[in-house]
2 protein chains.
Amino acid sequence: MRALVVEDDPDLNRQLSRALEDAGYAVDSALDGEDGHFMGDTEPYDVVVLDLGLPKMDGVTVLERWREAGRGFPVLILTARDRWSEKVAGFDAGADDYLTKPFHTEELLARMRALTRRAAGHTTSTIECGGLSIDTRGARVFIDGAPVKVTSHEFRMLSYLAHHQDRVISRTELVEHIYDQDFDRDSNTIEVFVGRLRKKIGTDRIETVRGLGYRLVDPVARPVS
Amino acid sequence: MRALVVEDDPDLNRQLSRALEDAGYAVDSALDGEDGHFMGDTEPYDVVVLDLGLPKMDGVTVLERWREAGRGFPVLILTARDRWSEKVAGFDAGADDYLTKPFHTEELLARMRALTRRAAGHTTSTIECGGLSIDTRGARVFIDGAPVKVTSHEFRMLSYLAHHQDRVISRTELVEHIYDQDFDRDSNTIEVFVGRLRKKIGTDRIETVRGLGYRLVDPVARPVS
DNA sequence: GCTCCCCCTGAACCCGTGCTGAACAACTTA
DNA sequence: TAAGTTGTTCAGCACGGGTTCAGGGGGAGC
């Protein structure tokens with residue numbers, strides 16, 4: 001678990017970082033808003049402790065920019081007791097929790113744990129097609145609940161087909177999305193993969209459209225042509 | 001200890017209630033989602049067993065509404081073996097544990113004990129995965145209750161895998177979350193740690209997904225392919 | 001019906017990935 | 001200082017899997 005501490009008071013910063021390290025986090029720290037913003041923007045943290053009163057760029061602005069840029073890590077904000085309006089602004093900017101100074105490190109740690117755990121259970125997108133379900137995060141494939149072993153490339157290919165199911169996908173389109181750069185065009189790798197996939201998930205799930213490409217379908221839902 | 005059983009199959013419902021009563025719980029039961037939701041919303045239960053496939057209101061919705069309303073009791077969800085995605089949705093909605101049908105009542109009782117104990121000793125944030133439990137606070141690991149000695153880095157790694165169990169974690173993601181800043185990218189430290197962890201907690205708990213990374217799984221919950 | 005071309009399939013090759021044992025370095029503890 | 005942990009590196013090995021090739025089958029068009 002990586003944590004970022006953005007706090008301008010050097011003593012408090014060190015104390016927080018130390019506490020988090022002892023709690024098992026890998027901690028980076030920043031002493032002003034600009035540094036903090038940059039670090040949160042470039043490194044994948046699991047949780048962030050963010051003071052709102054910061055030099056160079058205030059905490060609310062930092063948080064707003066992170067959220068605009070799509071950084072979704074949970075953020076716990078620290079506010080002084082008498083700055084009640086800041087707290088509201090912080091929540092509006094996308095904070096997940098807050099704590100007013102002074103506080104006990106125990107309480108901070110408890111809240112951090114809650115945040116990281118909550119974030120851990122987030123969104124798992126599985127694609128369904130007939131009895132076929134594709135767990136894009138776990139890189140697993142199931143047919144009617146039974147796991148199917150697929151290799152990395154097979155999975156990429158099936159995943160792409162599933163994202164565009166019922167559409168005809170040309171060979172070149174598949175190649176472009178499965179492989180990094182250029183690829184030997186006159187090769188039958190794609191066909192081989194299609195064949196292997198058909199063996200694993202059933203012949204009738206991947207239709208071949210002669211001269212055009214392939215199409216992933218739900219075999220039972222398909223009207224008898 | 002008060003328990004609520006929400007299960008639409010009358011036979012299974014009675015069987016569960018009976019088993020829990022024998023174990024010393026005061027049990028209420030509901031046969032559909034609406035009743036279950038109302039009861040959980042109005043009575044202070046210590047633990048809830050919730051089937052996901054329910055008439056009138058499905059289990060995930062029930063759970064979501066409870067959590068939105070601030071009901072914090074631990075919830076163990078029951079899923080059919082072939083509804084893998086439901087399990088994930090249940091966790092997202094705030095479930096604490098799950099069990100796939102069919103199951104042994106002994107296992108259900110064991111998990112219930114774990115849940116209530118965890119809820120009782122507040123902030124005992126331990127992550128469970130099969131018989132593997134990870135005490136994030138004490139940095140300790142247990143297999144079926146027996147302590148396992150792991151080093152600091154081993155623990156961080158296992159902890160991260162556990163926070164994202166059933167997800168494939170790439171080597172780089174592991175490195176980024178275990179180590180503070182930069183790290184020699186072409187090093188096989190991760191593999192060595194995986195190997196050592198496997199020796200300690202069992203080979204089948206950490207799956208390697210070739211070309212992608214590793215995945216922490218519950219070895220018993222997974223049906224033999 | 002015949003032919004061409006596209007597609008499928010089985011097998012083999014070979015490279016990369018990942019696993020393992022051991023040694024080494026850094027650090028802590030007695 | 002010596003002994004024991006813990007983290008890291010290295011080299012060798014095994015094998016999984018991506019790629020290629022050759023041959024066969026079957027549509028589509030004439």
Side-chain angles (χ1 to χ4, degrees), chain A residues 21-22 24 26 139-141 147-161 168-216 225, chain B residues 139-141 147-161 168-216 225:
Chain A
E21 279 169 6
D22 290 345
R140 279 191 284 196
V141 177
V148 179
K149 260 193 87 175
V150 293
T151 70
S152 153
H153 273 55
E154 285 168 5
F155 182 80
R156 278 201 228 173
M157 178 157 163
L158 181 58
S159 172
Y160 189 78
L161 287 173
V168 175
I169 309 294
S170 70
R171 255 182 262 297
T172 55
E173 192 177 344
L174 275 175
V175 165
E176 281 170 356
H177 284 84
I178 291 177
Y179 296 94
D180 293 358
Q181 295 279 18
D182 302 85
F183 182 74
D184 189 12
R185 310 188 112 256
D186 46 354
S187 144
N188 71 336
T189 313
I190 296 296
E191 283 128 30
V192 173
F193 275 124
V194 168
R196 290 182 182 168
L197 269 178
R198 284 209 252 243
K199 262 191 192 164
K200 294 182 177 181
I201 67 173
T203 318
D204 47 356
R205 295 199 118 90
I206 302 180
E207 289 181 351
T208 120
V209 184
R210 233 185 143 73
L212 292 179
Y214 299 93
R215 177 170 50 199
L216 186 73
S225 60
Chain B
R140 276 185 291 195
V141 178
V148 178
K149 257 194 90 175
V150 293
T151 70
S152 148
H153 273 55
E154 285 169 4
F155 181 79
R156 280 200 213 177
M157 178 157 161
L158 182 57
S159 169
Y160 189 78
L161 287 173
V168 173
I169 310 293
S170 70
R171 266 182 204 64
T172 55
E173 192 177 345
L174 274 175
V175 165
E176 281 172 351
H177 287 84
I178 290 176
Y179 297 95
D180 289 4
Q181 290 280 18
D182 303 85
F183 181 76
D184 188 11
R185 309 188 116 256
D186 45 356
S187 143
N188 72 337
T189 313
I190 296 296
E191 282 130 33
V192 174
F193 275 125
V194 168
R196 290 182 181 170
L197 268 178
R198 284 210 251 241
K199 264 189 192 164
K200 294 183 177 181
I201 67 173
T203 318
D204 48 356
R205 296 198 117 89
I206 302 180
E207 290 181 351
T208 121
V209 184
R210 211 156 229 272
L212 293 179
Y214 298 94
R215 175 172 50 201
L216 187 74
S225 64

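Just so we're on the same page: letters track the sequence lines, and every chain starts at 1. Given the structure is predicted, the values throughout are model-derived calculations rather than measurements.
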Next item on the list: Give a yes/no answer on whether the side chain of A:T189 brings an N or O atom under 4.0 Å of OP1 or OP2 in D:dG18.
Entry: no
Next item on the list: Evaluate the side-chain contact (heavy atoms from CB on, under 4.5 Å) criterion for residues B:I169 and B:L212: first the C-alpha distance (whole Å), next the side-chain angles of each, then the deciding distance (0.1 Å), finally the verdict.
Entry: CA-CA 7 Å; B:I169 310 293; B:L212 293 179; over 6 Å; no
Next item on the list: List the atom of B:Y214, the atom of B:L161, and the distance in Å for their closest heavy-atom pair.
Entry: O-CD2, 4.4 Å
Check: Between atom CD in A:E207 and atom P in C:dC7, what is the gap in whole Å?
Finding: 14 Å
Check: Is A:V175 close to A:T189 at the side-chain level, that is, under 4.5 Å between some pair of heavy atoms?
Finding: no
Next item on the list: May I have the distance from A:L212 (atom CG) to C:dC7 (atom P), rounded to whole angstrom?
Entry: 9 Å
Margin query: I need the NZ-P distance between B:K199 and C:dG18, as an integer number of Å.
Written below: 19 Å
Please list, pair by pair, any protein nitrogen or oxygen found under 3.5 Å from a nitrogen or oxygen in nucleotides 28-30 of chain C.
none

Notebook entry, point to check: At what angle, to 10 degrees, do the two end axes of the helix from C:dG1-D:dC30 to C:dA30-D:dT1 meet, given five pairs define each axis?
Noted result: 30°
Checklist line | A:A139 versus B:V168, closest heavy-atom pair with distance | finding: CB-CG2, 3.8 Å
Item checked: Length of the line joining A:L197:CG and C:dC7:P, which is rounded to integer Å -> 17 Å
Notebook entry, point to check: With B:S170, which residues qualify under side chain to side chain contact (heavy atoms under 4.5 Å, CB included), at least two apart?
Noted result: B:T172, B:E173
Note to self: Would you say B:Y214 places a side-chain N or O within less than 4.0 Å of OP1 or OP2 belonging to C:dC19?
What the structure shows: yes
Item checked: Shortest non-hydrogen contact from B:F155 toward B:V141 -> CD1-CG2, 3.8 Å
Notebook entry, point to check: Rounded to whole angstroms, how far apart are CD on B:E191 and C1' on C:dG21?
Noted result: 14 Å
Next item on the list: Rounded off to whole Å, could you give me the CD-to-P distance for the A:E154 and D:dG18 pair?
Entry: 6 Å
Tell me which donor-acceptor pairs under 3.5 Å the side chains of residues 191-202 of chain B have, and how far apart each pair is, sequence neighbours excluded?
| unit_1 | atom_1 | unit_2 | atom_2 | d |
| --- | --- | --- | --- | --- |
| B:E191 | OE2 | B:R171 | NE | 2.8 |
| B:R198 | NH1 | B:I206 | O | 2.3 |
| B:K200 | NZ | B:K149 | O | 3.0 |
| B:K200 | NZ | B:E154 | OE1 | 2.9 |

Checklist line | Spacing between A:L174 atom CG and C:dC7 atom P, to the nearest angstrom | finding: 13 Å
Notebook entry, point to check: Just to confirm, is there a sub-4.0 Å distance from OP1 or OP2 of D:dT9 to any side-chain nitrogen or oxygen of B:S187?
Noted result: yes
Notebook entry, point to check: Is the shortest side-chain N/O distance from B:T208 to OP1 or OP2 of C:dC19 below 4.0 Å?
Noted result: yes
Check: Shortest non-hydrogen contact from B:M157 to B:I190?
Finding: CE-O, 3.9 Å
Next item on the list: Find the distance B:I190:CD1 to C:dG18:C1' and express it as a whole number of Å.
Entry: 13 Å
Margin query: Using a 4.0 Å heavy-atom cut-off to protein, can you give one letter per nucleotide of nucleotides 10-17 of chain D, 5' to 3': B if the base is in contact, S if only the sugar-phosphate is, - if neither?
Written below: BB----SS
Notebook entry, point to check: When you match A:V194 and B:V209 each to their closest nucleotide on DNA chain C, which lands nearer the 5' end?
Noted result: A:V194
